[in-house]
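Remarks on the structure that follows.
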Amino acid sequence: MSQIKSLDDLRKIKEAVQKKIQLREKSIDPEKVIQIKVGMATSGIASGAREVMAFLIEELEKRNIEAVVTQVGDMGYCYAEPTIEVTLPGKEPVVFGNVTTKKADEIIEKYIKNGELIDGILPANYHTI
Amino acid sequence: MTQIKMHLLVCGGTGCRSSHSEGVSQALNESLTNHGLDAEAKVVTTGCFGFCEKGPIVKVIPDNTFYVQVTPDDAEEIVKEHVLKGRKVQRLLYLDPEREKTVSDDRHMTFYKKQIRIALRNCGFIDPENIDEYIARDGYMALAKCLSEYTPQQVIDIIKKSGLRGRGGGGFPTGLKWEITARVQADQKYVICNADEGDPGAFMDRSILEGDPHSVIEAMAINGYCTGASRGLVYIRAEYPLAIKRLQIAIEQARTYGLLGENIFGTGFHFDIQLRYGAGAFVCGEETALIHSMEGKRGEPTFKPPFPSEHGYMGKPSNVNNVETYANIPVIILKGPAWFASIGTEKSKGTKVFALAGKVNNVGLIEVPMGITLREVIFEIGGGIKAGKEFKAVQTGGPSGGCLTARHLDTPIDYDNLLAAGSMMGSGGMIVMDQDDCMVSIAKFYLEFTVEESCGKCSPCRIGNKRLHEILEKICKGEGTMEDLEKLKNLSQVIKDTSLCGLGQTSPNPVLSTLENFWDEYVEHVVDKKCRAGVCKSLMKYTIDAEACVGCTACARACPVNAISGERKQPHTINPSICIKCGACMEKCKFNAVLLQ
Ligand SMILES: Cc1cc2nc3c(=O)[nH]c(=O)nc-3n(C[C@H](O)[C@H](O)[C@H](O)COP(=O)(O)O)c2cc1C
Ligand code: SF4
Ligand code: SF4
Ligand code: FES
Ligand code: FES
């Protein structure tokens, strides 16, 4: 640890360490940011949900998009795993099926950034808490 | 590199550690490693979540899942189910006592809904042993701002404008106290933090120090800047080993960063902090006694004035504030006095931390805005009275406070309303009572504490409280008279008026407030010789219900003093003048014919 000698030094340290708790900060008020739930039941994991989740977390951060990515158990769409549910602030949740990293990229660029609806949306047939 | 996508916050407060939360952290870490998930999920030890009774607590971020009573054996399931597959472990979720439904995340728990966390903002959120996490939450930003942008008087004005009042009991305006200490000229001044916390059942200050020690350190440094003091002292009771350890770590880390020590932020301001240990006497929480104790003298109070702000530690001006008071300071500086003053009532701003205990479903540490009603605290946050029983009273202010009744349920809680109702804010104890609590016994309990803790220096307190206690004992034994009730009132007033320190000046409050609010119950004890709550054993009578008694003689044979008479197959009776109330007959009767009333 080096000494903090000014307000600027403190700000720099803060920026560097902020990442450590960012996940916690965002979860205080998840409704205010984009919420993404990744279906992670056995079938989801087998079909690549873990990779999709890692991709989402990494890319959203790189593209400076504030989002909370959580994993949930079976979403009830085994036929279309991996599935992800995206809730933009103030909007109804939308579920996408058969999500690959390529599809995830499209979801970020089109739906999350511009609210454009794209292929692969599944009918809502369940309730999450 | 894989990104951390989950934080498992494990409570490391005293409450949860006593139920083995350290074992839980360890087991979670092992399990994560075994499943190759340690690069994706991280275990963080935090301070208290306030829900200690249901500890150990584990909270999963980002989905805010709140697990209660987690054991090390549960770790594997949490990792395999929740971390790996995203399925919450249902059996570990908190069960809503009223709706008998599990609640999956803490934002939906009624316990948290009405709370506003300012003093507790970082408790249960950051790792208190890691200064970086505090800095990530704007830690030391307030100190930096004060030193580089404000004059001491400007900072004092901010605190004055915020309306913050002392959280240690008295409610003295904090900004004004700082101003007084600042104005006195002296070559050396001291910043003192009162962490004695002597009220029975209180643990507000302990939780703050364990969960967010840096907030207190930062505030003390700000006070040093305002008052012109370069030395800070924390007076903490030796029975708080974890809080002491966390404070020591925090002070060490702050020194390493140069946030304590010489030339802080390159502004020429010097400040450092040392700890002083108390032996845990209640009276040592009184500021003059506290200072004497720190000087190595007997922990006895002396007459005020002079106040510590003028003549304190080693005869030097000393600013004494409570832990919770300090914890509010950095936020007030950063968010501004107007923000703080927008919370609360006209004369009581901000929030107050309470240790909610007694007959409510959810007991724990809560922080609520001033002006919230007792009803909201007891029936919403507290989840109502246990076992569907009836609310009777709530005690606030500990040994210096009083009991409030159903009449006061809708009174907004603030310093002045509580005083007007015959109680006080105190440091934040709040004990809820139901129909099974006897108010005379409650008053007796607090007097017992006071008699034990009186330092004995002044006679009204030393002798008067003892007399009060004796009279209460007499009443509980069924030997009290109406005259005794008058005596209680008069003696209480004398003790209040003539005692030297705050201990004696407030110790009769539990008696006076119960006399005022539960007069009927006192009268029942002395005139009818009855205790409706069934607490005062001496006033209870064993009788036999003639209808239910079949005359089996089992009771008579069990009675060690031959108090029971009656023919075989005829209803029996108990002679109350012989009966020693041992309860043997009641135990033996198979027909529930022996009654206790
Ligand atoms: C008998 C007695 C016990 C006290 N115990 C405490 C205590 O444990 N903690 C505390 O902060 N203040 C306690 N006080 C109040 C202190 O004397 C003092 O008013 C307080 O520390 C000032 O800080 P504040 O203005 O921030 O509340 C006690 C007072 C009395 C009379
Ligand atoms: S309570 Fe004990 S002493 Fe009294 S009647 Fe019953 S057995 Fe006898
Ligand atoms: S044991 Fe019960 S039923 Fe039998 S005599 Fe005693 S009180 Fe009556
Ligand atoms: S000590 Fe863990 S919740 Fe209070
Ligand atoms: S009826 Fe004879 S012992 Fe009960």
Side-chain angles (χ1 to χ4, degrees), chain A residues 1-31 33 35-46 49-51 53-62 67-75 82 84 128-129, chain B residues 1-7 9 40 42 44 46 59-65 81-88 102-108 117 122 125-127 130-141 143-145 147-149 253-259 261 263-267:
Chain A
M1 287 200 265
S2 62
Q3 294 248 321
I4 298 173
K5 280 283 165 235
S6 64
L7 184 56
D8 266 351
D9 283 358
L10 184 66
R11 287 211 180 97
K12 272 185 212 130
I13 296 211
K14 185 190 159 184
E15 260 161 48
V17 293
Q18 213 165 15
K19 273 207 173 129
K20 283 194 187 174
I21 64 159
Q22 209 173 37
L23 200 59
R24 278 173 257 165
E25 295 279 5
K26 285 189 296 195
S27 69
I28 295 175
D29 233 337
E31 280 84 20
V33 295
Q35 297 179 76
I36 302 176
K37 291 179 180 162
V38 183
M40 273 279 188
T42 322
S43 55
I45 292 172
R50 301 187 66 79
E51 290 72 24
M53 182 158 179
F55 176 84
L56 282 168
I57 293 176
E58 223 154 294
E59 289 304 311
L60 288 165
E61 167 144 355
K62 268 193 211 151
V68 174
V69 186
T70 53
Q71 48 188 35
V72 294
D74 199 345
M75 291 216 276
I84 69 169
T128 47
I129 15 84
Chain B
M1 199 196 88
T2 7
Q3 288 258 0
I4 295 279
K5 62 177 187 196
M6 229 180 215
H7 287 178
L9 309 183
E40 288 176 37
K42 186 169 100 170
V44 181
T46 69
K59 180 170 164 182
V60 184
I61 299 290
D63 54 38
N64 291 313
T65 307
E81 286 296 305
H82 197 147
V83 181
L84 194 62
K85 298 179 191 154
R87 286 197 290 236
K88 301 188 179 196
T102 56
V103 184
S104 61
D105 86 60
D106 68 343
R107 294 177 330 121
H108 291 95
R117 302 192 136 216
N122 291 326
F125 193 89
I126 62 167
D127 175 356
N130 184 344
I131 190 171
D132 285 350
E133 295 208 348
Y134 181 68
I135 290 176
R137 294 273 282 168
D138 287 327
Y140 292 101
M141 210 56 99
L143 176 61
K145 213 168 154 182
L147 293 183
S148 53
E149 290 171 18
Q253 290 179 344
R255 282 185 190 140
T256 314
Y257 265 153
L259 298 168
N263 196 15
I264 297 169
F265 288 115
T267 59

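Every chain is numbered from 1, with letters handed out A, B, ... down the list of sequences. The shown structure was predicted, so the numbers you read here are calculated from the model rather than taken from an experiment. The basis for the numbers below is simple: all heavy atoms, side chains too, and nothing from hydrogens, waters or symmetry mates.
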statement: Shortest non-hydrogen pair, B:Phe265 vs B:Tyr140, comes out as CZ-O, 3.8 Å

query: Side chain, backbone, both or neither: which part of B:Val44 has a non-hydrogen atom closer than 4.5 Å to chain A?
result: side chain

message: Checking B:Tyr257 against B:Asp132 for the side chain to side chain donor-acceptor pair (under 3.5 Å) test, could you report, in this order, the C-alpha distance in whole Å, the side-chain angles of both residues, the deciding distance, and whether it holds?
response: CA-CA 10 Å; B:Tyr257 265 153; B:Asp132 285 350; 2.7 Å; yes

- prompt: Between B:Ile61, B:Asn130, B:Asp138, which residue shows the highest count of heavy-atom pairs closer than 4.5 Å to chain A?
  reply: B:Ile61

field: Trace of the side chain to side chain donor-acceptor pair (under 3.5 Å) decision for B:Asp63 with B:His82
entry: CA-CA 10 Å; B:Asp63 54 38; B:His82 197 147; 2.9 Å; yes

field: Portion of B:Glu149 that has a non-hydrogen atom of chain A nearer than 4.5 angstrom
entry: side chain

- prompt: Is any side-chain heavy atom of B:Phe125 less than 4.5 Å from a side-chain heavy atom of B:Leu9?
  reply: no

statement: CG of B:Asn122 to CD1 of A:Ile21, rounded to nearest 0.5 Å, is 7.5 Å

query: Just by distance, with hydrogens left out, do B:Thr65 and B:Lys88 show a side-chain donor and acceptor under 3.5 Å apart?
result: yes

- request: Pick whichever of A:Glu61, A:Lys5, A:Glu15, A:Arg24 has the most heavy-atom pairs under 4.5 Å with chain B.
  value: A:Arg24

task: Might you point out which heavy atoms bring A:Ser27 and B:Arg107 nearest each other, and give the distance in Å?
output: O-CD, 4.1 Å

statement: If one checks every heavy atom of A:Lys26 against chain B at 4.5 Å, the contacting part turns out to be neither

task: Find the one option among A:Lys20, A:Lys19, A:Gln22 whose heavy-atom pairs under 4.5 Å with chain B are most numerous.
output: A:Lys20

- request: Using a cut-off of under 4.5 Å on heavy-atom pairs, state which of B:Thr267, B:Leu84, B:Asp106, B:Leu259 scores highest against chain A.
  value: B:Leu84

message: Just so I understand: if I count every heavy-atom pair under 4.5 Å between each of A:Leu23, A:Thr70, A:Leu7 and chain B, which residue has the most?
response: A:Leu23

Proximity breakdown for A:Val68 and chain B, heavy-atom pairs closer than 4.5 Å: side chain

